Amino acid sequence: RMILLVFMVYVFLAALCYQSTLLLCQFRNPAAAVVWLRMALLFLGLSVIPFPGSDTLTRFFPTGWLQDFATATDPAASLSSALAFCAVTAAWTAAAWGLLRNRTLHTVERNMTDGTESV
């Protein structure tokens, strides 16, 4: 279970980096958006700040399923948490790729031809 949990954390970090890269490439100055993205990612876990309904809301993010997998006591709960983690991570990555890929390509191309990188 521990090896699978570590693997799931690495998959989550890889997906998060890919999604963050797509999002940051939307800006002419991506470094300026890093502060806001970091703040949004801080609240993404939502388990840090408990409030009524936060348990339900964490099910929409991979971090909630990681936490469920880590605290599961029986193999069936572990398997369902792992499968739900894979599905939620894939859904978030596919949504980010589908929504941002064309705009990212145009923004990067514009920055490379019009910006200081074009030299």
Side-chain angles (χ1 to χ4, degrees):
R1 263 176 55 103
M2 185 58 127
I3 292 172
L4 184 58
L5 181 63
V6 170
F7 177 74
M8 288 168 60
V9 167
Y10 279 116
V11 167
F12 170 69
L13 290 175
L16 183 66
C17 288
Y18 178 72
Q19 296 163 9
S20 298
T21 301
L22 282 174
L23 185 63
L24 287 173
C25 285
Q26 303 301 308
F27 302 97
R28 185 172 287 279
N29 184 6
V34 169
V35 176
W36 294 101
L37 181 63
R38 184 183 67 194
M39 198 176 323
L41 292 176
L42 175 68
F43 291 106
L44 181 65
L46 295 176
S47 59
V48 178
I49 304 172
F51 56 89
S54 66
D55 292 337
T56 305
L57 196 54
T58 59
R59 303 287 187 250
F60 292 105
F61 302 107
T63 52
W65 294 107
L66 274 173
Q67 199 171 31
D68 275 358
F69 181 81
T71 59
T73 56
D74 62 334
S78 297
L79 180 63
S80 65
S81 294
L83 292 175
F85 166 79
C86 292
V88 170
T89 303
W92 273 101
T93 304
W97 182 74
L99 292 172
L100 302 175
R101 71 181 160 141
N102 289 332
R103 185 166 177 207
T104 299
L105 290 174
H106 296 302
T107 303
V108 168
E109 182 179 347
R110 184 190 70 222
N111 289 346
M112 295 300 270
T113 56
D114 296 341
T116 58
E117 295 88 2
S118 65
V119 176

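Here the structure is a predicted model, which is why all the values come from computation and not from measurement.
- Here the shortest heavy-atom pairing between T104 and C25 reads CG2-CB, 3.4 Å.
- Side chain of S80 to backbone of A77: a donor-acceptor contact under 3.5 angstrom is found.
- The 12-atom threshold is exceeded at CG of L13, counting heavy atoms of other residues, nucleotides or ligands nearer than 6.0 Å.
- Listed by chain and number, the residues in a salt bridge (charged side-chain N to carboxylate O under 4.0 Å, His left out) with R59 are D68 (sequence neighbours excluded).
- Annotation for W65 and V88: closest pair NE1-CG2, 3.6 Å, computed over non-hydrogen atoms.
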As a quick check of understanding, evaluate side-chain contact (heavy atoms from CB on, under 4.5 Å) for L66 and L5, giving each step before the final call.
CA-CA 8 Å; L66 274 173; L5 181 63; 4.1 Å; yes

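- Linking Ile, Leu, Val, Met, Phe, Trp and Tyr residues whenever their side-chain heavy atoms come within less than 4.5 Å leaves L83 and V6 in two separate clusters.
- Atom CG of L99 is separated from atom CG of L23 by 11.0 Å, given to the nearest 0.5 angstrom.
- One hydrophobic cluster, built from ILVMFWY side chains closer than 4.5 Å, cannot hold both I3 and V9; they sit in different ones.
- Tracing side-chain contacts under 4.5 Å through hydrophobic residues (I, L, V, M, F, W, Y), one reaches M2 starting from L4; they form part of the same cluster.
- Annotation for R101: atom CZ counts as buried by contact number, over 12 foreign heavy atoms lying within 6.0 Å.
- Looking at R1, its side chain does come within 3.5 Å of a backbone N or O of A72 through a donor-acceptor pair.
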For the pair T63 and T58, evaluate side-chain contact (heavy atoms from CB on, under 4.5 Å) and give the outcome as yes or no after the intermediate values.
CA-CA 7 Å; T63 52; T58 59; 5.7 Å; no

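- When hydrophobic clusters are built by joining Ile, Leu, Val, Met, Phe, Trp and Tyr residues whose side-chain heavy atoms come closer than 4.5 Å, directly or via intermediates, L105 is not grouped with W97.
- One hydrophobic cluster, built from ILVMFWY side chains closer than 4.5 Å, cannot hold both M8 and L79; they sit in different ones.
- Checked against the 6.0 Å centroid criterion, the rings of W92 and F60 do not qualify as a close aromatic pair.
- Residue V11 comes nearest to F85 through the heavy atom pair CG1-CE2, 4.3 Å, listed as atom of the first residue, atom of the second, then distance.
- Applying the salt bridge (Lys or Arg N to Asp or Glu O under 4.0 Å) test to every pair with at least one member in residues 69-93, sequence neighbours left out, gives no pairs at all.
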